[in-house]
Amino acid sequence: MLLDIHVRIKDALRAAIVSQWNIDPPDVVLNQTPKIAMGELATPVCFELAKRLKKAPRAAAAELIAAAGPIEGVRKLELAGAGYINLFLDRANVLRGSSMEMDAGKFRGFGDNPGKVIVEHTNINPNKAAHIGHLRNAAIGDTFVRVMKSTGRPVEIQNYIDNTGVQVADVIVGFKYIEKKSLDEVKALIADPDVRFDYYCWDLYAKSAAFYEAEDPKKTLRGQTLKEIEEGGNETAQMGEAVAMTIVKCHLATMARINVRYDLLPRESDILHLKFWDRAFEELKAKNAIFFENEGKNKGCWVMTLDAEGYDDDKIIVRSNGTVTYVGKDIAYQLWKLGLLHKDFLYDLFDSDRHVWVTSSANGRPIHPAFGHGASVYNVIDVRQSYLQTVVRQGVLALGYEEEAKNSVHFAYEMVALSPACAQELGIELSEEDRKRSHVEVSGRKGQGVKADDLLDTLENDARREVEKRNPELTPAEVAEISHQIAAGALRYFLLKFTRNAIIAFDFKEALNFVGETGPYLQYAAVRGCNIINKLIAAQPDYDLNRIKRFENDPKLQTMLAESDDIWELVYIASRLDEIIAQVIQTMEPATLAKHAFTLAQAFSVFYGKYRIIDENDEDKQVFYLTVADFARRSLMLSLELMGIEVPRRM
RNA sequence: GCGCCCGUAGCUCAGCUGGAUAGAGCAUCGGACUUCGAAUCCGGUGGUCGGGAGUUCGAAUCUCUCCGGGCGCGCCA
């Protein structure tokens, strides 16, 4: 809605510049004014014009205002400050248009590209419980997915499962050689309801590091185990399969707690067994994207030359022993995602309730959704893998797929570390230097870190205490549901409010906070918004709620909005959602949405405290307030939904 | 060595393609509950935007340089 007005303003001003001075118009930039009373939007374009026309900026602005015809949705243009043009929008029109847009549930967002978007996120090694770093990845990825879907673009969510990697092998080494367990014993452990299997593996994985050091310094057992897992058809591989897929189920259950789900789980074992790499290898060779090194340190390897800045050495794709590196497999997978591999997986249903599919090499179902063939591919992976992502994109480019390489996007974000205080709370030993740092990186190999489910459990307990205190009449089931919603909301907001390239120094005090700029603050504002309607009906059972919708078209709305800048400011913020959505997509920055939603909740809370609606005697005023409250509430709830944050019935 | 990121209030962070008086939250001090639910609201204290130079009518934002910190550059994944 506002985006349409922006376009009209820019077009109109450009046309006016051309007709007035017959020059090539500069880019018309629109900014927010410092105060809503000065209008909603401002353009500094006349400063640029002043330079070109050798006029005073204010003079140029006055002429431009005079030259510009009426613009649909804009009430007036005003000369301001040193030469700004301030624009005053038609207030009722903004509310009405934005309200309709929200009803339709489809936002302009970006471009007209109708192609499918593939977003790959989460990607946790299936060998231990998920931790907070994984939660950040999922929260960012899932929010980006929701935002993109709100523009009507088809999105496919993939969660890559590296089920044949060394990390899985290490846990299998733990089961087989540290604990000396058979396949049946491991299966019994998996079936034991008293064992949190992902937690068990968390500890076992940490033990494997110590085991290698003491018993197997050359890690021959790891190599051997990895080989057996990759080859398949043996007991080690069966154990690996059982362990990895059980852990995947744990991860999906954990992620479901914060409202994250997936469409497809592509597995590395299937990429291996279906020989995706062989196909990619042939093409890379045929198109001279990689070459065989006959001399030097990389003798006997297939390597790719990188022309990316900062990476001088060739990257080894196939080792001298003939095995493919991780990046090689990733290139094959990326080609498949882009629909360029000319090979496909088989597919099986992994979770029929949530419609999650998994790739397969042998037992595919005849009917399945069409996966892959993404027009754009976003890989949500932490920034430390930038180098590898560059190699993958380079591989696509070297095959001559320029457009596809451009549409292969590394959605990078910074890691979650621990504040030194938090690390100490967890019993992690710190050096004198570590204590002075702003954050301390954790090592999963040492079993350090904050497990996702532990954090969620703590949040739920804290929330439960508050909910029970405030709502003694609720049943235990209701308390449990609301506590969960608050815990998940608090966590998701906490992870989303930081921009992508901010390192989160995790701290329990901040993450467990329900006051101030937090998820529960936003939820509370939304709950109060909903309660206005509930209380109104309780107080006046015969109140016709349709009056609210009708009032959007009542001429009184215009005059009442014109008379109250404070209320208009709330309406304006609430109507900016389409603009925010477009910005989130363009900049790949979900934090922008989080900040916006918080600003909206703040404005709503102010409005809520300032105006009493139920006991308002003036009928016109009451319906006006109701219209505004309902509009703001809907916008806030939509924003929350885009962040995967639920609104509890009560708080 | 090369490359990327960061440095803004006591703490944690926003600040969009350069634009009007640099903003939030927490903390701190003070005020508002017989309430459409105070997980809230109102007010106060608190900043030479790491230093310097440059570009510009205009720089927290762009360029260069220096200082301080993080990360990456594997025949690991």
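Chain letters run A, B, ... following the sequence lines, proteins first, then strands; residues in each count from 1.
Checked by distance alone, A:Arg437 brings no side-chain donor or acceptor within 3.5 Å of a matching partner on the base of B:G69.
Between A:Tyr84 and B:A20, a base-stacking contact is recorded: ring centres under 5.5 Å apart, planes less than 30° from parallel.
At the phosphate of B:C6, OP1 or OP2 sits under 4.0 Å from a side-chain N or O atom of A:Asn501. Phosphate contact (OP1/OP2 of B:G23, side-chain N/O of A:Lys595, threshold under 4.0 Å): absent. Between B:A39 and A:Tyr524, a contact under 4.0 Å exists linking OP1 or OP2 to a side-chain N or O. Side-chain nitrogen and oxygen atoms of A:Tyr493 include none within less than 4.0 Å of the OP1 or OP2 phosphate oxygen of B:A39. Between A:Arg612 and B:C36 there is a side-chain N or O to OP1 or OP2 distance below 4.0 Å.
If A:Leu388 and A:Ile486 are placed on RNA chain B by their nearest nucleotide, the residue sitting closer to the 5' end is A:Ile486.
Of the candidates A:Leu79, A:Leu30, A:Leu64, A:Leu64 is the only one forming a side-chain contact (heavy atoms from CB on, under 4.5 Å) with A:Ile85.
Between the side chain of A:Asn501 and the backbone N or O of A:Glu414, no donor-acceptor pair lies under 3.5 Å.
Contact annotation for A:Glu589: no contact, since no heavy-atom pair falls under 4.0 Å across all strands. At the heavy-atom level, A:Ser605 lies under 4.0 Å from the strands shown only through sugar-phosphate atoms. Counting any heavy atom pair closer than 4.0 Å across all strands shown, A:Leu30 reaches a base atom.
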